[in-house]
Structure formats: structure tokens, C-alpha cells
Protein chains: 2
Amino acid sequence: MDRNDIQQVRRFNRAFTKRIGVLDESYLARGRPFGEARVLFEIGLAGGIGLQALRERLGLDSGYLSRLMRSLEGQGMVELVRDEADARARLARLTETGQAEFEAYDRLSDDAAENLLGSLKDTHRPLLVAAMAEIERLLRTAAVAVALEPADSADARSCLEQYYAELARRFPSGFDPLAVNNFDPAEMTPPKGWFVVARVDSEPVGCGALKRLEDGVGEVKRVWTSPSARGLGVASRIMDRLEAQAVEAGFTILRLDTNGTLKEAQAMYAKRGYREIERYNDNPYAEHWFEKRI
Amino acid sequence: MDRNDIQQVRRFNRAFTKRIGVLDESYLARGRPFGEARVLFEIGLAGGIGLQALRERLGLDSGYLSRLMRSLEGQGMVELVRDEADARARLARLTETGQAEFEAYDRLSDDAAENLLGSLKDTHRPLLVAAMAEIERLLRTAAVAVALEPADSADARSCLEQYYAELARRFPSGFDPLAVNNFDPAEMTPPKGWFVVARVDSEPVGCGALKRLEDGVGEVKRVWTSPSARGLGVASRIMDRLEAQAVEAGFTILRLDTNGTLKEAQAMYAKRGYREIERYNDNPYAEHWFEKRI
DNA sequence: GAGTTTATCTGACTAATGTCAGATAATGGA
DNA sequence: TCCATTATCTGACATTAGTCAGATAAACTC
């Protein structure tokens, strides 16, 4: 690794941490200890959240969080309600006062950011914003992780639902999952099939499936990237993973179908070496069929 | 201010703080509380530092720092010595053990940076480094502040010394301040003259002087930028300040001289509208003379 | 339905951080 | 020389942060 690169990263860290310090101060500017402010802000960001998820996000001890919550409750900022689905768990959400307080923190953060931008010359400001967007994109790209996952896990289901909803929005004729899918998780479960989920910092941002069509032939299905993660190469990473899985499963041919509306998908398939072939299935939404030797 | 820009800055902060967290952990990785580690690291970075400066840099209470120092002293990491110049003050510096410990922290920070870089693809790494360099440059540019200061202050003297040392290095014939300067701070003191210092985060990074030559005519002298701050437009900012001062002092003409070796300076003067004129003084090192109506 | 696991809460701590009002000794002027 | 100022240290606290071992009740498993 280049020594100069490392030094540059460290110089950047130092320069930027100085500014971030200002941002941290906005957490303290309302006379509440940092821990409480963090919790309050996080609940507000999530718009209500289970205690366990909260604990995980902020890395807090359960006893500690319990006390923080009681303190915030005492201040009238949050209320804890039983989770309908699981009476052991509790959900935290902001009261009206809490919401107002959250918004005050939010404004402070905006002010800090605006202050930072305001200190720059007009000609420099767009340069800073662009460089920040670039770094954010690179860091998020590096954080993409694709892994096998049961097709009926909560995250898998949520990805598929978003995928179907998007198809319904984009297909001129709409999209009815039942018409084509009669989705059976068992079909995506080894050894008949596989399902992968892509995550950024444990947040699911995409999915894809591979299924056995016939001997030596697999089919790629349901490759989807969340709008929040487009431009990070998530779909490519998912395809990499599915193709590796296909090799391992002994397939020599991969097929897939797609609708004409999905231009980006077709471009990606072409780029990865998929060639258009004749219709091989009776999917009513499919308009193009592709194949690749692997 | 553009709302999207503000949101981009905040998204970047969030994304980056996640990574910085990793960096913070390297402070904790050696079983010492964060406060102590910070102090140890800062002393090491500065290579020895007065307690007061240390307190200011880290924003610590004097009592608190006193105790942190005693703890680090007890661990054999630092030693406190009386300041020769002021017997009330004390200077902290690392012992040999402390130096080794500092280097261990330094390595941990390097590792964290290397880790960050290592998580990127080879094609992305230079993009990240370049974007970071860009942001660092923009933030430092925005942090440049130029202000009048007595020409005999410690920072002013230190700038001038570095300026002379650089001239000595760059002039083919060397440079002897005494031959030309017989530097008298009084000459740079209102109303006969003015001296400005440029700072980045209170660190002096440049200087410049303005002096009365004759009625209505001022002379710009000793404009210098520290090598650590080149490319930030420091010299331009100094010139801005000096010209504003000249206007206030009622000058209508500004003159200056320079040596042929200092190409960057000549380019800047030309860009600011200075035109070459005949020799107007007997400075033995001067090879070009410039003038501008203001 | 008994035993195990899970989510949260409580009590009892410890360590770290932060604050403030003097105390002490050196410095800098008037 | 006297007095105000400055740099640091000490004592006495208060608050925050963090940990850990049960306790409790609901949920899950067999």
C-alpha cells in the first residue's frame, strides 16, 4: 500500500475531524448528555424503533439503554409501547415534545453543515459537495456485501416486495406477482436454488436468485437494487455471486428473461456477456431472453 | 444555501463518521482511557509541548489535565520539566517508553487508514485519495485568516525567519538579511507600516508587510507562504489584506521588488495587475520592480 | 406443559469525565 | 516593593458512561 495514500487519508481525517467536532457539539448544545441526545436523535431518524434495534445501532448495553430511556421518558421526550407482535419487546417513539426536540437537533446539524459550506467561496462550494458525494459513493461501494440467505428471511421478503412494487410501477401493464410467480421459497433453497441478499452496513439494498432450470442449466431471477443504492455496482456484485454459485452447482449455461422497460438491466446483461436468445419460457411479462455460457 | 448541498454534507458526515469510529477505536486499543491516549498522542505529535498549549488544543480543564499528566507520569510515559523561560509553566515530553507507545498508536492509525484503503478496489483507491486531498485543500483554504499583527510578535518573527531561510536557499547568491534589511519592527508598525500574519487554525502559515515609501506611495514587502500551505491562495489573501490596508492609509500607488528566481511571485503580481517599472531602490537582491495604481 | 431462550429491567458497581473553588508560586508592572 | 495576574496543582464533588449478574415475563421448542 502506498505510504503517501495512507498519509493523505490520515491528514484528511485530522482536517475533517476538526470540523466534525463542531458537529458533535451540536449534540451537546441542548444541555443533554451525549448518550441521551444520540438516542433521542436516532429514534427520531428512524421514526420509532424497537429497543433491541436501537441498542444494536448505537452499540449500547441493555441496562444502560434502559436507564437512558427512563430518563428521556421522564423528560416527556419518548414513550415506550409494547410491541404488538412480541409482548416482551418494546417500541420507542417520540412524543410531540420529543419530536420538536429532535427537529431542533436536526436544525443544529443543518446549521453546522450550512456553516461549513458558508465558509467556502462560491466557486469552491460545488467542488466540496462533489468530492463529498464521491467519497460517500466510494465508501458505500466498498461496504457492499453479498451473501446467501434463506429466501424467506424477513430481509429477503422485504427486498422482493420492493422489487415487485417497482415492477408494478415501471411495467406499462402493471405487474401481478401472483400471475407469474406463485413464489415458493423452497425453489430458491439449496439444492434447487439459491437466494442472495446484498447489504450495505447490514442494511439490505438488493437481492437476486438462481434456480435450476434443467440439467446443467440455471436461471437468474429477481435481481434488484434498492434505489438508495444505485450507482454502487450492487447488481454486478449480485451477478458475480450468482454466477459463482452457478459454477459451484455445475451449471454451464445461465439464462434469464427481462422486460423491455428495464433498459439498465439489459445493458448490464449485455456487458456481462449475455446474448439474446429465443423465448424459453412462458413468463407473460418477459420480452427478451438471454443466455451465457459460464 | 442549496438544501441538497446541506443534505449531501450531512450524508457524508454520517458515512464518514462510521469509519472514523474505527479510527477512534485505535485510541482505545491499548487499554488506556481515551483522554489519556489523546494527551499522549498529542504530546507525541507536537514532539513536546507546554501544558497550556496542550490544554488549549484538547479543550481540557486545567485540573483534569493535571491529573491526566500525573497518571501518564506514573506510567513512565511522559516527563514534566520546568519551562526555562517561565518557571510557572511546565513542558510535557515523552520518555523513551512514551515515545514507543506513541509510535504504537501511530501505527494503529496507519493500520486503520490502510484498512480503509484496502477495502476499496484498486481502481477506486486513487479516486478516494484524490477526493480526500481535494476536500482537505478546500477546508484549509476556507480556514485561512489574515490579520494585522505586531511585527515583533513571536509568530511574526518565526514567519520572517522562515522567509529569509527560504530566500537563502533559493537565491543563487544566497541571502543575507542584514545586507538589505536591518529589520526594524517600528517600520512595520502603524502609522509607518503594517504587518499581517496568515493563519490556518491559529497556526501561522504566511506573512506580509506594507510600508510607507513616500507620500501616497506604499511598498509591499516580505510576502511569504509556508510550504505546508501552498496552493491554498494564502499569498493572494495576504495581498488582498495589504492592498485594503494601503487604500485605508491613503496610498494610490503600490510598489514592490522581487528576485528573478521567484517565478510564482512574479506570476501572481502580474495577475493582480502589477506592471514592471524601472529600478526604484538599491536592494542588491532585487532584479524586477513592479507598480500598481490602486 | 416443562424447559430453554429471548427481551427487557433492576441493583450494585467502577471508571472516566468534567467542574469549581481555593492554594501556591512565579511573573510583570506600577 | 506591592499588587494584580498567570500557570499549575489540589481537594471535593457531580455527572456520565459503561459493566455485569441476576430477576421477570413472554415466546419458542420439543
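We name chains A, B, ... by the order of the sequence lines, and we start the count at 1 in each one.
- The residue Arg55(A) sits close only to the backbone: its heavy atoms come under 4.0 Å of sugar-phosphate atoms, none of a base.
- Rounded to whole Å, atom P of dA25(D) lies 18 Å from atom CG of Leu80(A).
- As judged by a 4.0 angstrom heavy-atom cut-off over every strand, Asp83(A) is placed among residues making no nucleic acid contact.
- Positionally, the nearest nucleotide of DNA chain D for Leu51(B) lies more toward the 5' end than for the other of Leu51(B) and Leu68(A).
- At the heavy-atom level, Gly63(A) lies under 4.0 Å from base atoms of the strands shown.
- Distance, Asp61(A) CG to dC13(C) P: 17 Å, rounded to whole Å.
- Ring-plane geometry between Phe16(B) and Phe16(A) is classed as perpendicular, the angle between the planes exceeding 60 degrees on a 0 to 90 degree scale with a lower cut at 30.
- Counting non-hydrogen atoms of other residues, nucleotides and ligands closer than 6.0 Å to CD of Glu56(B) gives a total of 12 or fewer.
- Per the geometry, CG belonging to Leu91(A) stands 11 Å off P belonging to dC9(C), to the nearest Å.
- Comparing dG18(D), dT8(D), dA7(C) by their closest approach to the side chain of Ala89(B) singles out dT8(D).
- Separating the CZ atom of Arg90(A) from the P atom of dA7(C) is a distance of 15 Å, rounded to the nearest angstrom.
- Counting atom types as modelled, Arg67(A) pairs a side-chain N or O with a base atom of dG11(C) as donor and acceptor under 3.5 Å.
- Taken to the nearest 0.5 Å, the CG atom of Leu60(A) stands 11.5 Å off from the OG atom of Ser66(A).
- Rounded to whole Å, the distance from CG on Leu60(B) to P on dC20(C) is 15 Å.
- Taking atom CD1 of Ile49(B) as the reference point, atom P of dT8(D) lies 11 Å away to the nearest angstrom.
- What separates CG of Leu65(A) from P of dT19(D) is a distance of 14 Å, to the nearest Å.
- Heavy atoms from other residues, nucleotides or ligands lying under 6.0 Å from CZ of Arg93(A) number 12 at most.
- When distances run from any side-chain atom of Arg70(A) to the nucleotides dC9(C), dT10(C), dA7(D), the shortest one goes to dT10(C).
- Residue Tyr64(B) contributes atom OH, which lies 15 Å from atom C1' of dC13(D) at whole-angstrom precision.
- Ion pairing between a basic and an acidic side chain is recognised when a charged N comes within 4.0 Å of a carboxylate O; Glu248(A) and Arg241(A) show no such pairing.
- Put simply, the side chain of Arg88(A) and the base of dT6(C) share a donor and an acceptor less than 3.5 Å apart.
- If you check every strand for non-hydrogen atoms under 4.0 Å, Arg38(B) touches nothing.
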